[in-house]
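Shown next, in structure tokens, is the structure this report addresses.
In what follows, chains are A, B, ... by sequence order, proteins preceding strands, each numbered from 1. Small disclaimer: the values here were computed from a predicted structure and weren't measured.
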Amino acid sequence: MTGYDHKSIEAKWSKKWADSKIFQTDLKSTKKPFYNLMMFPYPSAEGLHIGHVFSFGGPDVYGHYLLRRGYDVFEPMGFDSFGIHSENYAIKKNTHPMKLINDTVKYFRDEQFKRLGTIIDWEHEVVTSDPKYYQWTQWLFLQLYEAGLAYRKEAPAQWCPSCLTVLANEQVISGKCERCGSEVTTKTLPQWFLKITDYAERLLKNLDWIDWSESTKTMQRNWIGKSEGAEVAFETGSGEGVTVFTTRPDTLWGATFLVLSPEHSLVSKLTSSSQKAVVNTYVSEASKKTEIERVSTDKEKTGVFSGSYAINPVNKSKIPIWIADYVLTGYGTGAIMAVPAHDVRDYAFAKKFDLPITAVISGGDISKEAYTGEGKLQNSGEFDGTDSNLAVTKVTKWLEDQGFGKAKVTFHLRDWLISRQRYWGPPIPMIYCEKCGTVPVPEKDLPVLLPNLENFKPTGTGKSPLASDPEFVNVACPKCGSPAHRETDVSDTFLDSSWYFLRYPSTGCEDKPFDQEMTKKWLPIDFYSGGNEHAVLHLMYTRFITMVLHDRGLIDFEEPFKKFRARGMIVLGGAKMSKSRGNVVNPNDYFDRTGADALKMAMLFMVPFEQGGEFNENGVGGVVRFLNRVVKLVESAKERPETEQELTLKNKTIKRVTSDIEAMTFNTAIATLMEYANGLSEAPQASKSAARTLVSLLAPFASHLAEELWQSLGEGFSVHTSPWPTLEEKYLISKDELIVVQVSGKLRDRLSVPTGSSEEEVTRLALARPKVSSYTKDSQLSKTIFVPGRLINFVLKK
RNA sequence: GCCGAGGUGGUGGAAUGGCAGACACGUUGGACUUAAAAUCCAAUGACCGUAAGGUCGUGCGGGUUCGACCCCCGCUCUCGGCACCA
């Protein structure tokens with residue numbers, strides 16, 4: 001395919017841009033700061049694939065656009081280089097991650113990123129595995145510890161048998177490891193947790209006002225999973241009370257047995273001697289099951305009788321206590337009151353073990369199935385006849401008065417488990433001393449350097465490879481000086497990325513994680529974009545960390561990202577691109593064959609940015625053809641006044657492209673540019689003025705080519721000499737007879753407007769007009785003008 | 001099961017309640033060429049018709065409206081998230 005010489009043009013301009021530092025923002029002197037952030041990648045084996053061109057290209061177009069609107073745009077980039085992804089790749093390559101990471105970062109940055117034509121400011125690069133960075137990740141951990149938000153607990157945790165480490169709740173998807181897809185099992189180890197649950201209510205509440213993609217907010221809301229109900233205490237014969245959580249206190253009179261999870265702390269105490277053997281067997285078997293086996297809904301319920309009984313406080317009936325793994329340890333109190341008549345799970349359990357079922361809500365037929373709908377209470381003492389939906393609050397209040405229980409809010413969100421029994425991460429900066437107990441590493445001793453271990457592979461024993469290095473482990477206690485040992489687990493990669501956006505403006509800072517002045521000036525982030533696969537991972541963690549730093553008085557905002565938009569994903573063969581699936585498309589081929597400009601534009605033209613979709617290389621040729629046509633059009637442009645047709649088209653184009661870029665609908669922005677070029681091509685020669693506008697509007701998308709074309713039309717870098725075009729004249733009504741048919745939806749009205757009226761005039765006339773009910777069937781063309789608060793629809797009559 | 005987003009030509013996708021299918025891809029025909037590629041021009045939702053023109057068309061069934069891809073009700077399918085969360 002012949003055409004413009006993309007190779008030399010792109011090489012020429014990326015060099016000139018780099019040499020002149022044109023896209024480096026002077027962070028101190030800026031007047032109109034705009035922090036444009038994209039989720040940074042982890043530099044693993046595959047390199048950037050074509051999906052990255054899409055996900056980085058889109059927000060970068062926005063950055064280019066803002067520059068031309070006069071903003072000082074800061075668009076940094078970095079690498080999330082710690083973590084299991086990178087470590088696993090090193091293992092596969094039989095290299096050491098410390099060596100490997102430099103090569104991969106270099107490849108990503110120099111061979112791939114820098115060819116894209118972005119406005120990324122590489123002077124502020126952040127690499128999370130750099131001690132200069134992770135020193136502050138460790139500092140962050142100490143901050144959390146000081147705030148009482150980091151604690152160590154021996155607890156059963158979700159263990160990935162392939163990654164050989166425990167995982168946070170968020171990193172287990174349908175019982176499988178988020179990273180490798182293995183079914184997780186349970187392992188009990190001492191673990192460090194961060195108390196994100198303390199922030200559950202705030203994390204939920206702020207979702208009401210932050211400007212984020214609705215899809216992301218919904219996922220977070222569901223994940224936080226607030227449910228309101230009551231805690232009720234049941235007495236047992238042994239003197240140990242069992243507290244349960246329920247969202248249906250109105251069904252309390254129908255509770256015919258209690259169920260404890262196998263890990264519940266009272267299991268052994270409440271097991272009678274005759275049941276001991278059975279219970280022990282059941283509990284140990286439950287612990288061996290994988291998460292998948294335990295939670296699969298279609299599996300038959302299992303359980304054993306503990307041998308003891310509890311008293312239902314509301315009707316004093318004696319009910320048996322069972323142990324079953326359909327009750328989860330980590331949710332609520334780990335124990336439930338079973339109301340088989342009105343809960344499908346309890347119903348199935350009661351049927352299987354032949355336990356009594358008592359209906360306490362009218363409606364439904366409990367001989368067939370559980371009735372979970374609404375109705376009137378029955379068999380419920382003084383509450384008989386009350387509507388069940390009203391009874392929830394009434395009974396809760398009554399329980400409080402009687403001292404049986406209290407209102408309680410429970411969240412699905414669990415504390416964030418950050419311990420990883422792996423090598424490639426920042427060591428958790430804690431020391432265990434026999435005399436002083438758990439002692440944090442003093443800030444002055446940071447970073448706790450990750451030792452260069454030859455044998456860094458995961459052990460699978462539940463201990464990190466760091467435990468095998470005596471030089472690392474043995475340390476003097478910072479408090480008393482006596483022999484002590486270090487924590488040997490490293491922290492979760494998501495802790496690294498939970499604060500990286502704070503570091504970018506302050507990368508030079510040696511003595512603190514982020515500079516106060518810079519942070520005030522540049523944060524919170526004006527615009528952030530990335531994938532929804534991080535909705536409950538990275539995006540939840542960053543919000544939590546930001547709130548903590550805010551509460552500690554270190555920053556003055558509590559939400560890190562003013563605006564967030566989730567981009568769609570580019571898939572191939574219906575699947576996410578990954579090396580293991582063998583469906584990775586490398587952009588470098590296209591850089592050589594068609595140029596980065598064409599590739600980036602083609603990707604953005606292919607599918608709506610927030611939706612994503614299937615990669616199809618057929619579209620790339622179309623964009624190349626378009627760019628070639630633009631080159632010809634600009635080359636043949638003539639110095640002459642713009643025609644009326646050119647003017648009208650220009651106004652329409654500027655309007656549309658501007659609003660499309662702001663709405664991240666790049667596909668329609670590009671279509672509009674194509675229409676503009678097509679329209680200008682109708683005349684033998686376009687005017688130079690029109691050509692300039694076209695090039696200016698094209699610049700964010702095909703930056704190298706536009707720069708080259710701009711040179712042929714004028715002087716200097718386009719970013720300085722080609723501001724974003726604005727509508728020079730008001731949107732004029734081109735020809736006579738305009739009729740308004742509709743104002744604000746239902747109202748119907750008609751009026752003629754003189755030729756040459758501006759938007760304002762038409763609007764004023766329309767609003768001043770009393771409404772008339774009439775309708776023209778011969779109305780042919782229409783256009784809409786937006787006036788604050790009202791939509792006015794004009795129909796042009798032929 | 002629950003929550004969310006969707007269903008429009010051969011394909012990707014456009015359309016504040018107002019000409020459905022913008023813009024592309026593909027296909028077909030034509031021009032240029034010894035030929036091909038590239039490029040340019042034309043056609044391209046389906047059906048009927050030589051044509052002018054007509055009929056039907058946005059997952060299915062209803063409704064609101066002068067007018068519905070768009071709003072409302074009920075279904076259905078696809079994709080994403082959550083899931084024995086009490």
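Among the protein residues, A:Leu673 comes within range of no part of the nucleic acid, since none of its heavy atoms lies under 4.0 Å from any strand. Counting any heavy atom pair closer than 4.0 Å across all strands shown, A:Glu214 reaches no nucleic acid atom. Here A:Asn667 lies in heavy-atom contact (under 4.0 Å) with sugar-phosphate atoms only. Residue contacts for A:Asn678: at a heavy-atom cut-off of 4.0 Å it reaches the sugar-phosphate backbone alone, with no base atom in range. Using a 4.0 Å heavy-atom distance criterion, A:Thr218 is classed as a sugar-phosphate-only contact. Heavy atoms of A:Gly619 sit nowhere under 4.0 angstrom from any nucleic acid atom. Counting any heavy atom pair closer than 4.0 Å across all strands shown, A:Asn616 reaches no nucleic acid atom. A:Val327 comes within contact range of at least one nucleobase, with a heavy-atom separation under 4.0 Å.
If you take atom C1' in B:rA20 and the same atom in B:rA68, they sit 11 Å apart, rounded to whole Å. Going from the P atom of B:rG67 to that of B:rA51 covers 33 Å, rounded to whole Å. Taking atom P in both B:rU55 and B:rG59, the straight-line distance is 22 Å, to the nearest Å. Taking atom C1' in both B:rC23 and B:rA15, one finds a spacing of 12 Å when rounded to whole Å. Nucleotides B:rA83 and B:rU64 place their P atoms 43 Å apart, quoted to the nearest Å. Nucleotides B:rU8 and B:rG54, compared at atom C1', are 23 Å apart to the nearest Å. For the P atom pair drawn from B:rA22 and B:rA42, the interatomic distance equals 15 Å after rounding to whole Å. Between B:rG1 and B:rC69, the distance separating the two C1' atoms is 30 Å to the nearest Å.
The side chain of A:Arg625 approaches B:rC25 more closely than any other nucleotide in the set B:rC25, B:rG81, B:rA15. Distances were taken from every side-chain heavy atom of A:Thr247 (C-beta onward) to each of B:rC84, B:rC23, B:rA86; the shortest belongs to B:rA86. Taking the side chain of A:Ile336 as heavy atoms from C-beta on, and the options B:rC25, B:rA86, B:rG13, the nearest nucleotide is B:rA86. In the set B:rC84, B:rA86, B:rA24, the nucleotide with an atom closest to the side chain of A:Met674 is B:rA24. Each of B:rA24, B:rA14, B:rC25 was ranked by its minimum atom distance to the side chain of A:Pro608; first place goes to B:rA14. Closest approach to the A:Val607 side chain among B:rA86, B:rA15, B:rG12 is made by B:rG12 (side chain taken as heavy atoms from C-beta onward). The side chain of A:Trp223 lies closest to B:rA83, out of B:rA83, B:rA14, B:rC84. Picking from B:rA86, B:rC84, B:rC82 the nucleotide with the shortest atom distance to the side chain of A:Tyr326 gives B:rC84. Candidate nucleotides B:rC84, B:rC82, B:rC23 were compared by shortest atom distance to the side chain of A:Ile173, and B:rC82 ranks first. With distances taken from any side-chain atom of A:Arg629 to the nucleotides B:rC40, B:rC84, B:rG13, the minimum falls on B:rC40.
When the P atom of B:rU16 is taken as reference, atom NZ of A:Lys652 falls 13 Å away, rounded to whole Å. We find that NZ of A:Lys352 is positioned 14 Å from C1' of B:rC84, with the value rounded to whole Å. Taking atom CE on A:Met606 and atom P on B:rU11, their separation rounds to 17 Å, with Å as the unit. In this entry the distance linking CD of A:Glu533 with P of B:rC82 reads 12 Å, nearest Å. For the pair A:Phe615 CZ and B:rU11 P, the interatomic distance rounds to 19 Å; values are reported in whole Å. Here B:rA22 presents its C1' atom at 8 Å from CZ of A:Arg656, a figure rounded to the nearest Å. With rounding to whole Å, A:Met601 atom CE is found 13 Å from B:rC25 atom P. Rounded to whole Å, atom P of B:rA22 lies 23 Å from atom CZ of A:Phe666.
B:rU78 and B:rA5 make up a base pair, with Watson-Crick or G-U wobble contacts both under 3.5 Å. Searching all strands for a Watson-Crick or G-U wobble partner of B:rC71 with both distances below 3.5 Å returns B:rG63. The partner of B:rU44 is B:rG26, judged by Watson-Crick or G-U wobble contacts that both fall below 3.5 Å. With a 3.5 Å ceiling on both atom-pair distances, B:rA51 lacks any Watson-Crick or G-U wobble partner. If you check B:rU39 for Watson-Crick or wobble pairing at under 3.5 angstrom, you find it paired to B:rA31.
Taking for each of A:Ala671 and A:Thr333 the nucleotide of RNA chain B with the nearest heavy atom, the 5'-most of the two is the partner of A:Ala671. In terms of position along RNA chain B, the nucleotide closest to A:Glu614 lies nearer the 5' end than the nucleotide closest to the other residue of the pair A:Glu614 and A:Ser227.
A donor-acceptor contact shorter than 3.5 Å is absent between the side chain of A:Tyr199 and the backbone of A:Arg543. For the pair A:Thr236 (side chain) and A:Ala310 (backbone), a donor-acceptor distance under 3.5 Å is absent. In this structure, A:Ser213 contributes its side chain and A:Ser215 its backbone to no donor-acceptor pair below 3.5 Å.
Of the candidates A:Val232, A:Thr396, A:Val339, A:Leu252 forms a side-chain contact (heavy atoms from CB on, under 4.5 Å) with just one, namely A:Val232.
Within 6.0 Å of the CD atom in A:Glu614, the count of heavy atoms belonging to other residues, nucleotides or ligands exceeds 12.
Taken to the nearest 0.5 Å, the CG atom of A:Leu270 stands 6.0 Å off from the OG atom of A:Ser306. Put simply, CZ on A:Phe564 and CE on A:Met39 are 4.0 Å apart, with the number rounded to the nearest 0.5 Å. Between A:Phe609 atom CZ and A:Arg565 atom CZ the span is 11.0 Å, to the nearest 0.5 Å.
Between A:Phe349 and A:Phe257, the distance from one ring center to the other falls under 6.0 angstrom.
Anti is the conformation of B:rG13, whose glycosidic angle sits further than 90° from 0.
In this model, the phosphate group of B:rG13 is approached by a side-chain N or O of A:Gln611 to a distance below 4.0 Å at OP1 or OP2.
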